[in-house]
S.K.: 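Here you go, one structure.
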Amino acid sequence: MFSKCGKRMKTGSLTEIVKPGQRISREFYMRDVLDVAPDLIGKNLVVRHNDGNCFRYHLTEVEAYRGTEDKACHASKGKTSRTSVMFGNGGHLYVYLIYGMYWMLNIVTGTAGEPQAALIRGIDDICGPGRITKKLGIDRSFYGEDLVTSERIWLEETGMKPCFKTGPRIGIEYAGAHWKSVPWRYFC
DNA sequence: TCAGTGATTAGG
DNA sequence: CTAATCACTGAG
């Protein structure tokens, strides 16, 4: 799959007109996470700070967490106050604190009732989900933020699709042999 | 290799 | 209420 300015392209079940700089719309996120996660690679994450300045970061690494069956997905234990946003429509942020120190940034995908999310693991030269949120200033207040309408965070089309690899997800030893091994990590 | 750190969750 | 867990990181 390769997108160019103004060119018609097919992304999973979604066909759309894509232009560099254009904010990504709801339909992009409302597809299955296994389609959305790889499509996130090469997109721009835009963060607008309080001083009005916007910073853009290329997404370089993403992981997919898919449904109640996936033992590595927080939704596997059912809907709780923490995971409730994952049970809604795609395009919103699922942000949570881990180890008392690090905020994890996830993009909810799919449609309401099918809990899924993509964990942002790498942007530009920064590797590691905890380092990313520290650098970008992402915290609890971003929980549930809508990437389609937010004034402070969103995704933009870049018109580029870097090559990427796939592999098992990181840090989910507890999930069992099967879910530990599925190649749902996408990285440059 | 391992401590730090605290929200979240299940269970009593 | 308690206790265990945790999609991580940085120091040694």
Side-chain angles (χ1 to χ4, degrees), chain A residues 28-43 45 47 55 57-147 150 153-155 162 164-188:
Chain A
F28 176 89
Y29 303 107
M30 287 185 65
R31 297 172 298 143
D32 192 282
V33 69
L34 297 184
D35 292 321
V36 178
D39 282 354
L40 285 171
I41 303 295
K43 296 285 189 287
L45 176 62
V47 177
F55 290 87
Y57 309 89
H58 285 97
L59 298 186
T60 56
E61 184 175 352
V62 165
E63 279 177 358
Y65 290 86
R66 186 175 187 272
T68 53
E69 283 193 354
D70 178 4
K71 293 294 187 231
C73 180
H74 291 169
S76 64
K77 292 174 182 169
K79 189 176 180 178
T80 66
S81 59
R82 181 180 63 154
T83 63
S84 63
V85 71
M86 269 201 290
F87 289 76
N89 282 330
H92 299 262
L93 295 184
Y94 169 43
V95 178
Y96 68 93
L97 186 69
I98 191 164
Y99 297 112
M101 284 179 254
Y102 306 106
W103 295 101
M104 299 289 102
L105 173 61
N106 296 256
I107 298 172
V108 175
T109 66
T111 57
E114 49 178 18
Q116 310 179 335
L119 170 68
I120 305 305
R121 268 194 172 282
I123 54 171
D124 293 331
D125 55 337
I126 306 172
C127 300
R131 292 177 188 159
I132 290 171
T133 53
K134 184 178 179 185
K135 163 107 179 169
L136 272 51
I138 304 294
D139 61 15
R140 178 83 232 222
S141 72
F142 283 80
Y143 184 93
E145 194 88 359
D146 188 355
L147 292 176
S150 176
I153 188 167
W154 62 91
L155 256 55
F164 63 88
K165 312 177 189 74
T166 63
R169 294 170 293 179
I170 307 290
I172 53 165
E173 295 306 305
Y174 60 87
H178 174 69
W179 298 107
K180 201 168 65 174
S181 66
V182 290
W184 291 355
R185 172 176 172 238
Y186 309 87
F187 57 104
C188 293

S.K.: In whole angstrom, what separates K180(A)'s NZ from dA7(C)'s C1'?
M.R.: 15 Å

S.K.: Can you tell me how far C1' of dA11(C) sits from OH of Y99(A), to the nearest Å?
M.R.: 17 Å

S.K.: Run R169(A) and E63(A) through salt bridge (Lys or Arg N to Asp or Glu O under 4.0 Å) and show every step you take.
M.R.: CA-CA 7 Å; R169(A) 294 170 293 179; E63(A) 279 177 358; 5.8 Å; no

S.K.: Starting at OH of Y96(A) and ending at C1' of dA7(B), how long is that distance when rounded to a whole Å?
M.R.: 12 Å

S.K.: Among dT5(B), dA7(B), dT9(C), which nucleotide sits nearest the side chain of L97(A)?
M.R.: dA7(B)

S.K.: Between N106(A) and R131(A), who's closer to the 5' end of DNA chain C by nearest nucleotide?
M.R.: N106(A)

S.K.: Based on Watson-Crick and G-U pairs with both distances under 3.5 Å, what dot-bracket line describes DNA chain B 5' to 3', crossing pairs as [ ] and inter-strand pairs as |?
M.R.: ||||.||||||.

S.K.: So, OP1 or OP2 of dA7(C): does either fall under 4.0 Å of a side-chain N or O from Y174(A)?
M.R.: yes

S.K.: Of all heavy-atom pairs between Q116(A) and T109(A), which one has the smallest distance, and what is that distance?
M.R.: OE1-OG1, 2.8 Å

S.K.: Out of L119(A), D70(A), V62(A), which one pairs with W184(A) under the side chain to side chain contact (heavy atoms under 4.5 Å, CB included) rule?
M.R.: D70(A)

S.K.: Rounded to whole angstroms, how far apart are CD1 on I98(A) and P on dA4(C)?
M.R.: 18 Å

S.K.: Let me confirm one number: the CZ-NZ distance from R82(A) to K77(A), rounded to the nearest 0.5 Å.
M.R.: 7.0 Å

S.K.: Does a donor on one side chain sit under 3.5 Å from an acceptor on the other, for T80(A) and T83(A)?
M.R.: yes

S.K.: Using the benzene-type ring in the case of Trp, are the ring centres of H74(A) and Y96(A) under 6.0 Å apart?
M.R.: yes

S.K.: Which distance, rounded to the nearest 0.5 Å, do you find between the OG of S76(A) and the OH of Y65(A)?
M.R.: 11.5 Å

S.K.: Check this one for me: any side-chain N or O of S81(A) less than 4.0 Å away from OP1 or OP2 of dT9(B)?
M.R.: yes

S.K.: Take the protein atom CD1 of I132(A) and the nucleotide atom P of dG10(C), then report the distance between them rounded to whole Å.
M.R.: 12 Å

S.K.: Could you state the CH2-P distance from W103(A) to dC6(C), rounded to the nearest angstrom?
M.R.: 19 Å

S.K.: Under 4.0 Å from any atom of DNA chain C, heavy atoms only: list the residues of residues 57-65 of chain A that qualify, in numerical order.
M.R.: Y65(A)

S.K.: Given atom CD1 of I172(A) and atom P of dT5(C), what is their separation to the nearest angstrom?
M.R.: 17 Å

S.K.: So how far is it from F164(A) CZ to D39(A) CG, rounded to the nearest 0.5 Å?
M.R.: 7.5 Å

S.K.: Taking all atoms of both residues into account, what is the closest heavy-atom pair of A117(A) and V33(A), and its distance?
M.R.: O-CG2, 3.5 Å

S.K.: Rounding to a whole Å, what distance do you find between Y102(A):OH and dG6(B):P?
M.R.: 12 Å

S.K.: Should R140(A) be listed as having a side-chain N or O under 4.0 Å from OP1 or OP2 of dT8(B)?
M.R.: yes

S.K.: Any side-chain N or O of R185(A) below 4.0 angstrom from OP1/OP2 of dA7(C)?
M.R.: no

